[in-house]
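See structure below.
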Amino acid sequence: QVQLVESGGGSVQSGGSLRLSCAASGHTYATYSMGWFRQAPGKEREAVAGITTDGRTRVADSVKGRFTISLDKDKNALYLQMDGLKVEDTAMYFCAGAPGKYYFGDALLSHSSYDYWGQGTQVTVSS
């Protein structure tokens with residue numbers, strides 16, 4: 001059973017930084033894709049960034065230049081470095097995984113590409 005556990009959320013002021021982590025367990029695939037999504041109250045879940053095991057990434061335009069996704073395959077850990085945070089970045093952030101699947105381009109940003117989801121970690125940005 002694949003499990004994804006997010007951590008690192010919190011409250012920061014506009015312009016601040018946070019680093020989210022996602023610990024993955026329960027799979028032995030050498031090739032997989034992972035992503036970060038977020039959902040604000042009253043809004044649909046939206047993609048933030050995705051990454052494959054060979055380092056290909058895709059970042060949503062709304063966070064490009066401010067957020068960086070990375071993957072530590074040895075630790076089975078996914079990260080999201082968030083800099084220059086804005087009030088509109090306030091949301092619950094979810095980690096997603098697709099063991100054994102390798103996506104290109106926009107597929108990395110599609111929630112239907114992912115089979116497993118974490119419970120989320122809250123990020124709140126104040127002005």
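Source: prediction; values computed, not measured.
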**Study point:** Q119 atom CD, neighbour heavy-atom count above 12 within 6.0 Å
**Key:** no
Who pairs with [X] by side chain to side chain donor-acceptor pair (under 3.5 Å), at least two apart in sequence or on another chain?
X: S25; answer: none
X: E46; answer: R38
X: S126; answer: none

Looking only at heavy atoms, what is the nearest atom pair of [X] and [Y], with distance?
X: A107; Y: S113; answer: O-OG, 2.7 Å
X: S112; Y: S110; answer: OG-OG, 2.9 Å
X: A47; Y: A60; answer: O-CB, 3.5 Å

same_hphob_cluster([X], [Y]) at 4.5 Å side-chain heavy-atom cutoff:
X: L108; Y: F94; value: yes
X: V48; Y: I69; value: yes
X: M82; Y: L71; value: yes
X: F67; Y: V125; value: yes
X: Y79; Y: I51; value: no

Point to revise | salt bridge (charged side-chain N to carboxylate O under 4.0 Å, His left out) partners of K75, counting only residues at least two apart | key: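 K75 satisfies salt bridge (charged side-chain N to carboxylate O under 4.0 Å, His left out) with no other residue.
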**Study point:** Test salt bridge (charged side-chain N to carboxylate O under 4.0 Å, His left out) applied to D74 - qualifying residues, sequence neighbours left out
**Key:**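 Listed in chain order: nothing, the list is empty.
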Point to revise | Inter- and intrachain pairs under disulfide bond (SG atoms under 2.5 Å apart), touching residues 85-122, at least two apart | key: C22-C95
Point to revise | salt bridge (charged side-chain N to carboxylate O under 4.0 Å, His left out): pairs with one or both residues in residues 110-125, sequence neighbours excluded | key: K101-D115
**Study point:** Partners meeting ring-ring contact (aromatic ring centres under 6.0 Å, His included) with Y93 (sequence neighbours left out)
**Key:**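 Applying ring-ring contact (aromatic ring centres under 6.0 Å, His included) to Y93 gives none.
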[atom2] on [Y] to [atom1] on [X], rounded to 0.5 Å:
X: S70; Y: L78; atom1: OG; atom2: CG; result: 7.0 Å
X: Y116; Y: Q3; atom1: OH; atom2: CD; result: 11.0 Å
X: M34; Y: N76; atom1: CE; atom2: CG; result: 8.0 Å

Just list the side-chain donor-acceptor pairs under 3.5 Å for residues 8-20, sequence neighbours left out, or say none.
from: S17; atom 1: OG; to: D83; atom 2: OD1; distance (Å): 2.7

Check your understanding: So do Q122 and T90 actually touch side chain to side chain, heavy atoms under 4.5 Å?
Key ->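 They are in contact (side-chain heavy atoms under 4.5 Å apart), so the answer is yes.
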**Study point:** For R66, all residues meeting side chain to side chain contact (heavy atoms under 4.5 Å, CB included), sequence neighbours excluded
**Key:**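 Side chain to side chain contact (heavy atoms under 4.5 Å, CB included) list for R66, sorted by chain: V63, K86, D89.
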Point to revise | Residues in side chain to side chain contact (heavy atoms under 4.5 Å, CB included) contact with D54, at least two apart in sequence or another chain | key: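 D54 satisfies side chain to side chain contact (heavy atoms under 4.5 Å, CB included) with T52, R56, Y102 once adjacent residues are dropped.
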Check your understanding: Restricting to pairs with a member in residues 28-56, which pass ring pair (Phe, Tyr, Trp, His ring centres under 6.0 Å), not counting sequence neighbours?
Key ->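 Qualifying pairs: H27-Y32, F37-Y114, F37-W117.
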